[in-house]
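Beneath this line is the structure, given in structure tokens, with notes to follow.
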Protein chains: 2
Amino acid sequence: MVSDPDAVDRDGESVLRDAVPSPNSGPARGTVRNATIQDVADAAGVSKAAVSKVIRNAYGVSPKMRTRVEAAIARLDYRPRIAARAMRGTSYTLGIEIAQVSNEFLTMIVQGALDALAPTPYQLVVAPIRRPSEAGAALQSLADRQVDGIMAISPMVGESWLEDLSDRIPVVIIGRHDVSTHYDTVTGADRSGTDQVMTHLFDLGHRRITHLTTEAIHHETIINDPTNWHRSDLEPHSIRRAVYIDHMRRRGLDPQVTYTGGDELEAQTVTAELLTTNDPPTAIFAGNDTLAMGSLRAIAAAGLGPEDVSVVGYDDITMASHPMVSLTSVDQSGSQIGSEAVRLLLERIGGRTESVQVEEDVHLRVRRSTASPRQP
Amino acid sequence: MVSDPDAVDRDGESVLRDAVPSPNSGPARGTVRNATIQDVADAAGVSKAAVSKVIRNAYGVSPKMRTRVEAAIARLDYRPRIAARAMRGTSYTLGIEIAQVSNEFLTMIVQGALDALAPTPYQLVVAPIRRPSEAGAALQSLADRQVDGIMAISPMVGESWLEDLSDRIPVVIIGRHDVSTHYDTVTGADRSGTDQVMTHLFDLGHRRITHLTTEAIHHETIINDPTNWHRSDLEPHSIRRAVYIDHMRRRGLDPQVTYTGGDELEAQTVTAELLTTNDPPTAIFAGNDTLAMGSLRAIAAAGLGPEDVSVVGYDDITMASHPMVSLTSVDQSGSQIGSEAVRLLLERIGGRTESVQVEEDVHLRVRRSTASPRQP
DNA sequence: TTGAAAGCGCTAACAG
DNA sequence: CTGTTAGCGCTTTCAA
């Protein structure tokens, strides 16, 4: 695994390390040179092309040459440089752009992608962003690194920009319900999920239901930069909001949408304000579990319970099933979505050209955070 | 935005776009060619070297050339290929290896690293692993991609292997209390943190205290592969365990260490068994918050409370402060650790050669999950 | 079946 | 201040 520090030039083989490393501290950085394909070729007494064929399992290598080469590779601890490979073709790397690494639902997607990638020679790199407005830059950065495919989770970038990108490299958009001939999409069934939520709340007898969601537009740059212009009504949270409004209107009720940042503590603050109004809601449908947990903070802090204010979340993160929390939520199986996205990417790399839209089923998990209101 | 396949030479400048793009579907993948530094040079009527100097802000470019070049870059939407750059030197990329993307404490570290990296030209890539035994492969994979520096969170790999790696590329190990002349470390003050936990529990009157921790060895490969041999007593969880044992012994008490996987639900199962023994503990000191949450699941499910079994966690993840949970925990400020690691890496890239060990202070956050036992 | 040679796009000497 | 030149390590024709 580790090349021999005291390697000297025997048998006319190239020497990869200093003949005399300093006494008991390793050689200074840069002193050490990694084996290259040329070194391996020399050591095995064959050509670079031969080595290349062996490491790629390409057609046309005799068993005995393969053996020789593999021995040399092992001896020199040779590793192909990805950058050099990328210059000639593939980088064996898939990239995923992700907002809020701290959002457990999003990390479930990464887990699913990892699982799907495990049996392949591809490596996953994650490009995390701190603000939605950074999505475009992160995608560019992945493209600059010549990844073989890109997954993006509801990025705030324009459709035409994405189509441009996906002309050059396979792209899967996760979450957004776009229909493009250029790139594929994987989404949860947001309409169905919201239907299940609303039906559940109505069945319990709730009428004053507030929808707590993240602001559609987070930063001015998203407005000003044409790159970011896209149909925001195709985003998961917009769809949930639209379906919510629709349900309320159909029952002759007044939709109440409250906006907040994506942060749990901000959701708590916003909910706390909501509770002090004249006519507070008897139920809160939160756009995701992080927001829901924030609402529960405010409700618990006010000494209230599910009969006072019920809460429904979305995503069914681990915390939701905790007995001390017991949050009713919509399970949309992030890991499934992640592995599906990888599958689509690999298909594209394999040659598929028609675009595909996949929608995953979702299921409401009813728990103790929802109950019939005290006075209907 | 899109380069042109049929570029023709008008005005002596190379043309990268279609004059007439196809009606309503973009060109097929691969048809599109990105602008290269040569294209820019041609368009601006200068040499490649000149363009290179401009994009690197290198010394020796006249203002008027800079203007011309920048205009050409903008016009052609030129982006330097990282792979080509990497072959000649830096890739402007830092890598971080991380186990369990779903562990919030670990993602806090990533957040901190991102913040520290924001004002720099470096991009962060995350190499997530699924099992501890994959750490070595993930680090290799980052090295293969010629990142300019690597951060690794308590990787299960041998010290000598790490020293070899860090001879070729700057490395910061997060969590492990190694002292190496080759690589830097950033750790939390695990001894102090554990001291605070044990003092708190003793002060409350607890004597039967169990320590719930993850198994030291997760997979046989870690035992069998010499690459992985390292002083496991330098790992954070080992130190917490050792300090716990020490505290117990010093008070003449019997240390009780229970092992589990890193998973919340497994911790729940193990805790549930613990509660059914003859002489169950009055307090559980969990190695991290995920395990602590699992313990709380079992305790809540058994209808017990803090006076029956108190719980202390480690990391102080967001959930710990939730009023419905209120978990006493040790805050070790993951984002601080992450940005510190980046700082060290950038220093190394900047030329530092002596190794540095940084230890971050930690603080016990006392909440309602700990109370005096019913019968002392 | 094997190898020689031509680049991929960029940076870093070195000349002019 | 600017351009020419020589590679970095790999893959890929194309001959032998």
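Any value given below was found using the heavy atoms of this structure, including those in side chains, with hydrogens, waters and symmetry copies removed. Naming convention: chains lettered A, B, ... in sequence-line order (proteins, then strands); numbering from 1 in each chain.
Side-chain contact check for A:R66 and A:S62: no donor-acceptor pair (N or O, by modelled atom type) lies under 3.5 Å. B:Y78 and B:N34 share no donor-acceptor pair across their side chains, judged by distance under 3.5 Å alone. Under 3.5 Å, the side chains of B:R145 and B:T93 contain no donor-acceptor pair of N or O atoms.
Going from atom CE of A:M65 over to atom P of C:dT2 covers 5 Å, rounded to whole Å.
With respect to the salt-bridge test (charged N to carboxylate O, under 4.0 angstrom), the residues B:R130 and A:D115 qualify. Between B:D144 and A:R81 there is no salt bridge, since none of the side-chain N atoms of the basic residue sits less than 4.0 Å from a carboxylate O of the acidic one.
B:D42 places no side-chain N or O within donor-acceptor distance of the main-chain N or O of B:D39, the cut-off being under 3.5 Å. Judged by distance alone, with hydrogens and angles left aside, the side-chain atoms of B:D148 form a donor-acceptor pair with the main-chain N or O of B:S91 at under 3.5 Å. Formation of a donor-acceptor pair under 3.5 Å by the A:S166 side chain with backbone atoms of A:L162 is found in this model.
From the 5' end on, the contacts that DNA chain D makes with chain A at under 4.0 Å to a non-hydrogen atom open and close at D:dG9 to D:dT12.
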Nucleotides 9-16 of chain C: protein proximity per nucleotide (B base, S sugar-phosphate only, - neither; heavy atom, under 4.0 Å): BBBB----
